[in-house]
Visitor: 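Submitted below is the structure of interest, expressed as structure tokens.
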Amino acid sequence: MITGKNYIGNQLIASGNKTYKTFNPESNQENKYLFTEAAQEEINKAVELASKAFKEYRTISGKRKSEFLNVVANEIVALGDELIQIYCSESGLPEGRAKGERGRTIFQLRSFADLVKEGSWVEATIDTAIPDREPNPKSDLRKMNIPLGPVVVFGASNFPLAYSTAGGDTAAALAAGCPVIVKSHPMHAGTGELIASAIIKAAEKTGMPNGIFSNLNSSGIEVGQQLVAHPKVKAVGFTGSIRGGRALLDLAAKREEPIPVFAEMGSINPVIMLPKALKNRAESLASTYAGSITLGTGQFCTNPGLILGLKGKNLTTFINSLAHKITEINPTCMLHPNIVGAYESSKTKALNQEGLTIAANYEGKIKPNYASQVVTTVEGKTFLDNPTLHQEIFGPYSMVVQCENEEQLEKIISSLEGQLTGTVISDANEVANYPAVIASLQNRVGRIIFNGVPTGVEVCPSMVHGGPYPASTDSRFTAVGINSIKRWIRPFSYQDWPNEILPKELKNENPLHILRSVNNILTKKGIV
Ligand code: NAP
């Protein structure tokens, strides 16, 4: 049941006086529930509780954290159709997408549950003492990963489940041993509250300390700012706009104790169409890309917003075919009128730039909050000279850049801001003839795709969902997959610490049977 209140630990509270409703973009009307924004005292209480809970939660075994995360997943399943209905009514996204995203969220939770149950993620590293080393004896040093402390997670507008309340950031932080305070995204506050209720139920059922999770409502930037500035918050996870992510990064850097902000932000995901591939399959590539550009109404951080090719007949065939195919696709709903507004204004700004040609612009009648898809094209030089054309347009929009030659193509790639992905469309080994282009691309992106589309992010250990700024604020980490746990931990060393009081992970006997590095050898064996 949705109450509109904040979860401050396991208590539902709404003492503030600022209220708001969510909006159904498909029916173009407000939803019925009234949400109360978290008041200053509630924000402080949530952080204080998290800080207190951390003292116990950081010592809880991997087995118990695993049980907790699995019960969160079970409780989300138990929410049943109510969750799917509220998700659709607050996002305009179809039921199939809601169910798929719920499946991904559950998979993520269970993956982290498995990770912490197995235990080797702490990367235990042991260098035993050499008491008779000359000229000085060597100490015994033992290192493992430990949690940072309370983490604030900002829910993402475009992933109401998989990157919001119990999404990847929350699952990773809870797995690491960090309490989480979620700043719920105002566009899907009801979905957020239902998921929060599942987390709180699971925490109670598995005996977790009160305060390891709170869910705060807000309809403006103040709640998030207060959370990030709170001295007891130790790290931040964010998915959204460059403007929002950058503001939070700067705020965190200005604190007396600066803290890390792991923000996953904008990306235009360049796609390089090599000449032979275009010559042989321009039509089929156009179909594939019309689908990828419009998938989810273009509201994916991996949306292909930039397509690069060498000028000529084959690229022209591709552009014409893409224009034809994309206008045959029926427009779909965006997440919220504000997102439609942002799409329309950034699109208009781009269309007004000199030298830009509109290749396709869906001109049929569309319902309120729907987005019409657009494809534009420019010359390579025009793109290089105008940084406005490099900016993300969040929605079903893509631009094809017609490069003069390979040298210009490489120059364009080098001029791009950091990106989540780069894609190469190649005919068999054609790509091998473009080493400089590929090297430039690798320097700008977090993941490179061969003969595919950038949309669709697999959740697995080898996934990198991040990239040089502004794709993310720290390209050394991924936001997707079990390795995202590394954002919420720090390495910690014990020197000459007695075996009896070392954590289990580092004891001589290796009672948890985890994989450890002992004197530079990876082993599960104990130390005799
Ligand atoms: P957003 O504006 O970046 O907001 C995300 C969250 O951060 C919201 O909860 C927002 O709070 C908060 N926030 C924003 N600026 C803040 C600040 N200065 N201080 C503290 N908190 C701040 O993103 P959005 O609402 O999801 O969508 C807006 C635009 O972001 C989209 O049109 C799109 O361009 C971009 N976006 C990009 C991606 C991507 O993956 N590349 C994903 C989502 C959105 P309030 O909402 O309460 O103000």
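Each ligand, and each atom within it, is numbered from 1 in the order the structure gives. Predicted model, so just to flag it, every value in this text is computed and none were measured.
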Visitor: Would you say Ser219 touches ligand 1, if touching means a heavy atom closer than 4.0 Å?
Guide: yes
Visitor: Is it the case that more than 12 heavy atoms not belonging to Lys21 sit under 6.0 Å from its NZ atom?
Guide: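 Yes, NZ of Lys21 has more than 12 neighbouring heavy atoms, counting only those of other groups under 6.0 Å.
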Visitor: Using a 4.0 Å heavy-atom threshold (strictly under), name the region of Ala342 that reaches ligand 1: side chain, backbone, both or neither.
Guide: side chain
Visitor: Counting each atom of ligand 1 from 1 as listed, which ones have a heavy atom of Ser218 under 4.0 Å away?
Guide: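 Answer, ordered by atom number: 47 (O).
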Visitor: Look only at interatomic distance and state if Thr239 has a nitrogen or oxygen under 3.5 Å from any nitrogen or oxygen of ligand 1.
Guide: no
Visitor: Establish, for the pair Arg104 and Tyr163, whether the NZ or CZ atom is under 6.0 angstrom from the six-membered ring centre and no further than 45 degrees off its axis.
Guide: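 Relative to the ring axis of Tyr163, which defines the angle, Arg104 lies outside at least one limit.
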Visitor: If you count heavy atoms of other groups shown closer than 6.0 angstrom to CD of Glu328, is the number above 12?
Guide: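 It does: Glu328 CD has more than 12 such atoms within range.
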Visitor: Tell me, which protein residue and heavy-atom name are nearest atom 4 (O) of ligand 1, and how many Å apart are they?
Guide: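 For this ligand atom, the closest protein heavy atom is His185 NE2, 4.3 Å.
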Visitor: May I ask you to identify the nearest protein heavy atom to atom 45 (P) of ligand 1, giving residue, atom name and distance to one decimal place in Å?
Guide: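 Among all protein heavy atoms, the one nearest atom 45 (P) of ligand 1 is Lys183 NZ, 3.7 Å.
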Visitor: Is the cationic atom of Arg110 (NZ for Lys, CZ for Arg) positioned less than 6.0 Å from the six-membered ring centroid of Phe68 and within 45 degrees of its normal?
Guide: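 Output no; distance or angle outside limits.
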Visitor: Examine Gly220 against ligand 1 and note whether any of their N/O atoms are separated by less than 3.5 Å.
Guide: yes
Visitor: Got the closest protein heavy atom to atom 46 (O) of ligand 1, with its distance?
Guide: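 Looking at atom 46 (O) of ligand 1, the protein heavy atom closest to it is Pro186 CG, 3.3 Å.
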Visitor: Give me the nearest non-hydrogen protein atom to atom 13 (N) of ligand 1 as residue plus atom name, then the distance to 0.1 Å.
Guide: Ile221 CG2, 3.9 Å
Visitor: In plain terms, say whether Arg487 and Asp169 are close enough for a salt bridge, that is, a side-chain N and a carboxylate O under 4.0 Å apart.
Guide: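 Here Arg487 pairs with Asp169 in a salt bridge, since their nearest N and O are under 4.0 Å apart.
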Visitor: Could you walk me through whether Lys234 and Glu257 pass the salt bridge (charged side-chain N to carboxylate O under 4.0 Å, His left out) check?
Guide: CA-CA 9 Å; Lys234 299 300 173 200; Glu257 178 199 345; 2.9 Å; yes
Visitor: Regarding Lys45 and Gln11, is there a side-chain donor-to-acceptor distance under 3.5 Å anywhere?
Guide: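 Yes, side-chain donor-acceptor contact under 3.5 Å.
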Visitor: Does the ring centre of Phe477 sit less than 6.0 Å away from the ring centre of Phe262?
Guide: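 So the answer is yes for these two rings.
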Visitor: One residue to check: Ala247. Relative to ligand 1, which of side chain, backbone, both or neither has a non-hydrogen atom less than 4.0 Å away?
Guide: side chain
Visitor: Give the minimum heavy-atom separation between Ala162 and Gln108, together with the two atoms involved.
Guide: O-NE2, 3.3 Å
Visitor: Report yes if some N/O of Met265 lies less than 3.5 Å from some N/O of ligand 1; otherwise report no.
Guide: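 Such a contact does occur with ligand 1.
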Visitor: Could you identify the single nearest non-hydrogen protein atom to atom 39 (C) of ligand 1 and state the distance to 0.1 Å?
Guide: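 For atom 39 (C) of ligand 1, the nearest protein heavy atom is Cys301 CB, 3.6 Å.
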Visitor: So, Gln391 and Ser346: side-chain donor and acceptor under 3.5 Å apart, yes or no?
Guide: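 Not at all, the side chains of Gln391 and Ser346 share no donor-acceptor pair under 3.5 Å.
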Visitor: Counting non-hydrogen protein atoms only, what is the nearest one to atom 28 (C) of ligand 1? Give residue, atom name and distance.
Guide: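 Residue, atom and distance for the closest contact: Ile339 CD1, 4.0 Å.
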Visitor: Okay, side chain of Thr294, backbone of Thr297: is any donor-acceptor separation there less than 3.5 Å?
Guide: no
Visitor: Before signing off on this row, confirm whether Arg243 and ligand 1 have an N or O atom pair separated by under 3.5 Å.
Guide: no
Visitor: At what distance is the nearest protein heavy atom to atom 38 (C) of ligand 1, and which residue and atom is it?
Guide: Phe394 CE1, 3.5 Å
Visitor: Does Ser184 reach ligand 1 with a nitrogen or oxygen that is under 3.5 Å from one of the ligand's nitrogen or oxygen atoms?
Guide: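 Not met; the criterion fails.
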Visitor: Determine, considering heavy atoms only, which of Gly244, Ala156, Ser241 sits nearest to atom 1 (P) of ligand 1.
Guide: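 Comparing heavy atoms across Gly244, Ala156, Ser241, the nearest one to atom 1 (P) of ligand 1 lies in Ser241.
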Visitor: Could a heavy atom of Phe238 be found less than 4.0 Å from some atom of ligand 1?
Guide: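 Distance cut 4.0 Å: Phe238 passes for ligand 1.
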Visitor: Which option wins on minimum heavy-atom distance to atom 19 (N) of ligand 1: Met187, Glu37, Gln225, Glu222?
Guide: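 Looking at heavy atoms only, the winner is Gln225.
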Visitor: For ligand 1, which part of Leu251 has a heavy atom less than 4.0 Å away: the side chain, the backbone, both, or neither?
Guide: neither
Visitor: Considering residues, nucleotides and ligands other than Arg243, do more than 12 of their heavy atoms fall under 6.0 Å from its CZ?
Guide: no
Visitor: Looking only at atom types and distance, does a side-chain atom of Thr377 sit under 3.5 Å from a main-chain N or O of Thr357, one as donor and one as acceptor?
Guide: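 Here the side-chain-to-backbone pair does not exist.
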Visitor: With a 4.0 Å cut-off on heavy atoms, is Glu392 touching ligand 1?
Guide: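 Judged by the 4.0 Å heavy-atom criterion, Glu392 does count as contacting ligand 1.
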Visitor: Which is it for Asn158 and ligand 1 at heavy atoms under 4.0 Å: side chain, backbone, both or neither?
Guide: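 Answer for Asn158: side chain.
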